[in-house]
Structure formats: C-alpha cells, structure tokens
Protein chains: 2
Amino acid sequence: MEIYQGKKKQLYLEKNSIAHLFSFPVEEFMEVREYQRDDWIIQEGMRPAFLFYVLEGKAKIYITHQNGKVSLINFINENEYIGEMELLHDVYYTKGIQALTKTVCIALPMHYYRTKLLEDTKFLRELTRFLSVKATLMAAKYSQLLAFPLENRLADFILQTADEGVYKEKHVVACDYLGISYRHFMHVLTQFCNKGYLQKEGRTYLIKQFNSLDALAEMLKNK
Amino acid sequence: MEIYQGKKKQLYLEKNSIAHLFSFPVEEFMEVREYQRDDWIIQEGMRPAFLFYVLEGKAKIYITHQNGKVSLINFINENEYIGEMELLHDVYYTKGIQALTKTVCIALPMHYYRTKLLEDTKFLRELTRFLSVKATLMAAKYSQLLAFPLENRLADFILQTADEGVYKEKHVVACDYLGISYRHFMHVLTQFCNKGYLQKEGRTYLIKQFNSLDALAEMLKNK
DNA sequence: TAAAAAATATGAGATATCTCCTATTTTTGA
DNA sequence: TCAAAAATAGGAGATATCTCATATTTTTTA
C-alpha cells in the first residue's frame with residue numbers, strides 16, 4: 001500500500017475532485033492511498049480507523065462464517081464508501097475488503113472528522129443515497145437467492161463479469177460468490193458448455209449463446 | 001385503513017412525539033393512518049405517494065418473482081420508515097408491504113416535503129442510520145443464506161418468532177421467508193420434533209430444547 | 001351458512017447440491 | 001528455482017430440496 005505524498009497527492013486531487021462530497025475542508029488530515037490487487041484494504045474483524053471513498057478501482061467484500069465457509073458478499077466500485085458502517089455504529093462486525101484491481105481511495109481519519117461528517121448535509125445526502133442503493137441491492141440479491149436456483153444466478157454472474165464475450169473469473173471466487181461447492185459449480189458450468197451456451201477455451205470460456213444466458217439472467221429481474 | 005382526524009389525530013401525536021425526526025414543521029399535510037392486520041400498506045409495483053414512519057405495529061415486505069415464487073424479504077418494526085426508497089430514487093421497483101398487526105404510522109405526502117426532507121440534517125441523519133442498519137441486516141441475511149443450510153436458518157426463525165416458548169407462525173409464511181417448498185419445510189419441522197427440539201401441540205409447537213435450537217441459530221452469527 | 005379458497009399434512013419419486021476422494025496443472029514464496 | 005500452496009478437474013455416493021399428487025381441516029366470502 002502506498003500513501004501519496006506532497007506533489008503526487010496534490011496532483012491526484014486536482015485530477016480527481018472530491019469537492020462535491022463534503023461542504024467543509026477535509027484535506028488537512030486526509031490521505032490518498034493506493035492498494036494493489038489482492039491487498040487487504042480492511043481486514044475482517046479489525047475496526048478501521050479511516051472512512052474510505054474509492055476514486056479508482058474495484059474491491060470485494062468478504063465474510064468468514066463459523067462453519068468455515070467464506071462468502072463473497074458484494075463488489076465495491078468507484079465512487080463508493082468503505083468503512084461507513086463503522087463511522088455510524090460503535091458496535092459492528094467489520095468485514096474484510098480486498099482489492100480486485102489497483103485501487104486508489106481517500107482515507108479520512110474517523111476520530112478527526114466523525115462529528116463534523118455527521119453534521120454535514122452534503123455528505124449525509126450522498127451517504128444516504130449510497131446506503132439506499134446498497135440496501136436495495138442486498139435485498140434484491142437476497143430475494144433472488146431465496147427464489148432462484150443456481151442456473152439463473154450463474155448465468156447472471158457470467159454475463160456481469162464477462163469481458164467482450166469471454167468469461168474468465170476464477171472458479172474459486174465464483175463459488176464464494178454463489179455460495180456453492182466447487183464440485184457442483186464445475187458440474188453446472190460443464191452443463192452450460194454441453195448445452196452450447198459456453199465453449200471452453202483453455203482456462204477461459206467463450207459465450208456462444210448470449211440469448212440463452214440472458215434469458216436465464218433476466219428471470220431474476222423485477223419488471 | 002383509517003385516517004385519524006381532528007382531536008384523535010392531535011391526541012395521538014401528543015402521546016407519540018415525532019419531534020425528534022424533523023427539524024421543520026410537518027404537521028400541516030401529515031396524516032396519521034391506522035392499518036389492520038393483513039391490510040396492504042403499499043401494493044407491489046405501485047409507487048407510494050407518501051413517506052411512512054411506523055409508530056406502532058409490525059409489517060412484512062414481500063416481492064413476487066417472475067417464476068411465481070413469493071419472497072418475504074424482511075419485517076418492518078416500530079420506528080422504521082416505509083417508502084424511503086421512492087423518496088430517494090425516481091426509478092425503483094416498489095415492494096409490497098403488508099401489516100402483520102394493527103399498524104399506526106404517519107404519512108408525509110412526498111411531493112410536498114421531498115425537497116425539504118432532503119435538506120434536513122436531522123432527518124437525513126436518522127434516515128442514514130436506518131438505512132445503514134437495513135443494509136447491514138440484508139447483507140448478513142444474504143451471506144447466511146449463502147453459507148448455511150435450512151436447519152440453521154429455521155432454528156433462528158423459530159427462536160426469533162416464538163412467543164414464551166411457543167412457535168406458532170403460519171407454515172406458509174415461514175416458507176416464503178425461508179425460500180423453501182412447503183413439503184420440505186414440513187419435513188424438517190417434523191425432524192425437529194423427532195429430535196425432541198419441538199413438540200407439536202395442536203397447531204402450535206412447544207420449544208422443548210432451547211439449547212439445541214440456539215446452538216443451531218448461533219452458528220449464523222459472527223463473533 | 002354453504003361453497004370456495006387457503007392452510008395443513010403426508011407419500012413417492014426426481015433433481016440439485018454436498019462431501020469425500022484423487023490427480024494434474026498453475027501460482028506463489030522462501 | 002524448487003518445494004509448497006492454490007487452483008483446476010472430475011468420479012462416486014450421500015443428503016437436501018423440489019415437484020407432483022392427494023386428502024383433510026380451517027378460514028374466508030358471497
């Protein structure tokens with residue numbers, strides 16, 4: 001992890017304005033941090049001292065359960081907060097956050113800014129919007145998980161993560177995300193290949209029947 | 001549904017202060033509404049014209065999926081908002097809200113108060129807290145659903161809804177909540193009886209081994 | 001208050017998903 | 001750069017969960 005200093009920090013902030021986020025100056029104690037792929041931005045169970053706001057990159061939220069299973073709860077993208085739960089709540093089980101790509105974020109020390117942030121309408125309105133989207137998304141994912149079999153959710157996952165018609169996520173990550181065993185995941189993926197939806201190409205999979213996958217994925221959405 | 005008028009409204013508001021919620025007067029266009037058990041406070045897919053705040057009672061959030069399955073996403077309790085998503089977002093799929101007990105709430109017409117609410121720090125801070133709890137709860141439920149079999153989730157549900165050692169939820173509601181078929185639900189419930197955790201008594205079930213159920217439910221929690 | 005609808009109950013067989021196992025290939029770290 | 005760790009791959013059998021079917025009881029409604 002690198003903390004931008006002096007000129008580098010200044011230049012970065014000129015190119016990536018955060019003026020719309022707060023109505024008071026935060027530069028004094030604010031850091032700009034860069035994490036590399038697979039770095040842990042926050043470790044599970046360790047309360048973070050900073051409120052982060054992601055300017056660049058992508059990350060994953062993980063939680064480990066008592067039965068040993070690991071769940072990939074969600075992805076974090078640009079213009080989203082990390083650590084906002086700890087800002088708002090004294091008691092909170094902190095989830096692990098791992099960078100998926102190079103990730104640059106600003107980091108505000110909570111003990112300096114907590115009170116001021118919670119009085120800042122600009123910040124609160126932004127955060128409220130962010131949280132409402134997050135709550136809605138989690139509710140949607142929850143009810144989809146309740147109501148649909150793996151087939152539909154896997155199709156959705158493939159389409160969401162595919163890049164130019166090629167699916168290349170790690171199977172291990174997909175299993176954590178879908179909450180299924182590696183064995184069964186391979187089984188269903190092979191079925192998709194047998195049905196002609198996908199075609200295996202080395203370690204990646206080409207999407208051959210977008211429409212079939214899309215029909216499965218569309219079932220999840222509410223009209 | 002009954003709308004409290006004149007003296008009744010006034011008296012109710014004196015006993016149930018809402019002064020802590022807003023920093024500007026809302027009484028003029030505000031209604032106080034009372035719903036009976038099984039009334040629909042909001043119908044699925046119909047955008048509500050009001051922001052509700054529950055003062056008394058309990059309700060359920062439902063969503064209907066394209067495959068015909070109905071999911072009971074969550075319960076709404078006292079001191080929670082209804083319709084806040086529609087306040088914040090122009091495009092939003094509205095879920096159905098059904099009263100579970102007699103439910104009294106205040107109803108603010110959005111088109112009168114929307115702008116003012118979104119500038120009110122007091123309201124925003126309250127709403128932010130509410131949404132953060134909601135997002136956290138949904139994330140927890142989502143990851144539990146990913147990671148644990150029915151047995152654990154059913155134990156949790158029984159303990160959460162039991163009243164003085166007696167479980168008496170409708171099986172149909174439990175199935176919607178747990179996202180499983182009626183047939184399988186009965187199967188697992190019968191197993192709990194056979195193991196001695198529960199004892200069937202007419203249409204209700206007595207909790208005979210709290211510790212066994214609690215051990216199953218505790219697995220869901222993060223320490 | 002009788003007919004219709006909803007909820008409870010259970011059997012039987014099909015399908016989805018898991019656990020355990022073993023082997024090979026790829027990536028990581030001392 | 002080589003040994004260890006992680007990821008990929010797939011077989012076999014067990015368990016969880018679903019679908020369909022049918023019957024009875026309770027609740028709702030015209």
Side-chain angles (χ1 to χ4, degrees), chain A residues 36-40 60 62 64-65 67-72 98 100 144-155 157-158 167-195 198-205 216 219, chain B residues 36-40 60 62 64-65 67-72 98 100 144-155 157 161 167-195 198-205 216 219:
Chain A
Q36 299 308 311
R37 180 189 162 92
D38 293 342
D39 280 357
W40 289 94
K60 296 177 285 188
Y62 276 109
T64 309
H65 299 278
N67 63 0
K69 272 205 187 179
V70 172
S71 295
L72 168 47
Q98 187 179 32
L100 219 145
Q144 289 164 5
L145 187 52
L146 280 177
F148 292 95
L150 177 61
E151 189 176 45
N152 298 89
R153 297 184 298 114
L154 176 57
F157 182 71
I158 289 173
Y167 170 78
K168 49 175 113 172
E169 286 301 311
K170 282 200 180 159
H171 297 344
V172 181
V173 172
C175 291
D176 287 345
Y177 184 81
L178 296 165
I180 55 171
S181 67
Y182 189 91
R183 188 65 193 86
H184 188 57
F185 174 79
M186 289 305 292
H187 180 64
V188 179
L189 198 63
T190 305
Q191 278 190 338
F192 276 15
C193 291
N194 291 341
K195 286 179 183 168
L198 299 174
Q199 185 184 310
K200 191 171 174 182
E201 196 65 44
R203 294 224 149 186
T204 67
Y205 295 78
L216 288 173
M219 283 292 291
Chain B
Q36 298 309 311
R37 180 188 161 93
D38 292 343
D39 280 357
W40 288 94
K60 296 178 285 187
Y62 276 109
T64 309
H65 299 278
N67 63 359
K69 271 205 189 181
V70 173
S71 296
L72 169 45
Q98 188 179 31
L100 216 140
Q144 288 164 7
L145 187 51
L146 280 177
F148 292 94
L150 177 60
E151 189 176 43
N152 299 90
R153 296 184 299 114
L154 176 58
F157 182 71
T161 57
Y167 170 77
K168 48 175 111 170
E169 285 302 311
K170 284 201 178 157
H171 296 344
V172 181
V173 172
C175 290
D176 287 345
Y177 184 81
L178 296 165
I180 56 171
S181 68
Y182 188 89
R183 187 67 194 83
H184 188 56
F185 174 79
M186 290 305 294
H187 180 65
V188 179
L189 198 62
T190 305
Q191 279 190 340
F192 277 16
C193 291
N194 291 340
K195 286 179 183 168
L198 299 175
Q199 184 184 310
K200 191 172 173 179
E201 197 65 44
R203 292 223 150 185
T204 67
Y205 295 78
L216 287 174
M219 283 292 290

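A note on names: the letters A, B, ... follow the listed sequences, proteins ahead of strands, and every chain is numbered from 1.
- Position along DNA chain D of the nearest nucleotide to Asp38(B) versus Pro149(B) favours Pro149(B) as the more 5'-ward residue.
- Residue His184(A) is classed as a base contact, given a heavy-atom separation below 4.0 Å to a base.
- At whole-Å resolution of the value, CD1 in Ile180(A) and C1' in dT17(D) are 15 Å apart.
- Going from atom CG of Leu154(B) over to atom P of dA16(D) covers 14 Å, rounded to whole Å.
- Using a 4.0 Å cut-off between charged side-chain N and carboxylate O, Glu151(B) and Lys195(B) make a salt bridge.
- Among the heavy atoms of the strands, none lies under 4.0 Å from Phe148(A).
- For Asp39(A) (side chain) and Gln36(A) (main-chain N/O), a donor-acceptor pair under 3.5 Å exists by modelled atom type.
- Summarising the geometry, the separation between CE on Met186(B) and C1' on dT8(C) is reported as 6 Å, rounded to the nearest angstrom.
- Ring geometry for His65(A) versus Phe148(B): interplanar angle over 60°, hence perpendicular rather than tilted (30 to 60°).
- Among dC18(C), dT8(D), dT10(C), the nucleotide with an atom closest to any side-chain atom of Ser181(A) is dC18(C).
- Taking the six-membered ring where tryptophan is involved, the planes of Phe157(A) and Tyr167(A) are perpendicular, since the angle between them exceeds 60° and thus also 30°.
- Tyr182(B) has its OH atom 21 Å from the P atom of dA16(D), to the nearest Å.
- For Asp39(A) and dT28(C), the CG to P distance is 13 Å, given to the nearest whole Å.
- Here dG13(D) presents its C1' atom at 14 Å from NE2 of His187(A), a figure rounded to the nearest Å.
- Whole-Å rounding puts the Leu146(A) CG to dC18(D) C1' distance at 15 Å.
- Atom CZ in Arg203(B) sits roughly 6 Å away from atom P in dA9(C) (whole-Å rounding).
- Mapped onto DNA chain D by nearest heavy atom, Lys170(B) and Gly179(B) fall at different nucleotides, with Gly179(B) at the one closer to the 5' end.
- The side chain of His171(B) sits closest to dA9(C) out of dA9(C), dG11(D), dG11(C).
- With Gln98(A) contributing its side chain and Asp38(A) its backbone, the two residues share a donor-acceptor pair below 3.5 Å.
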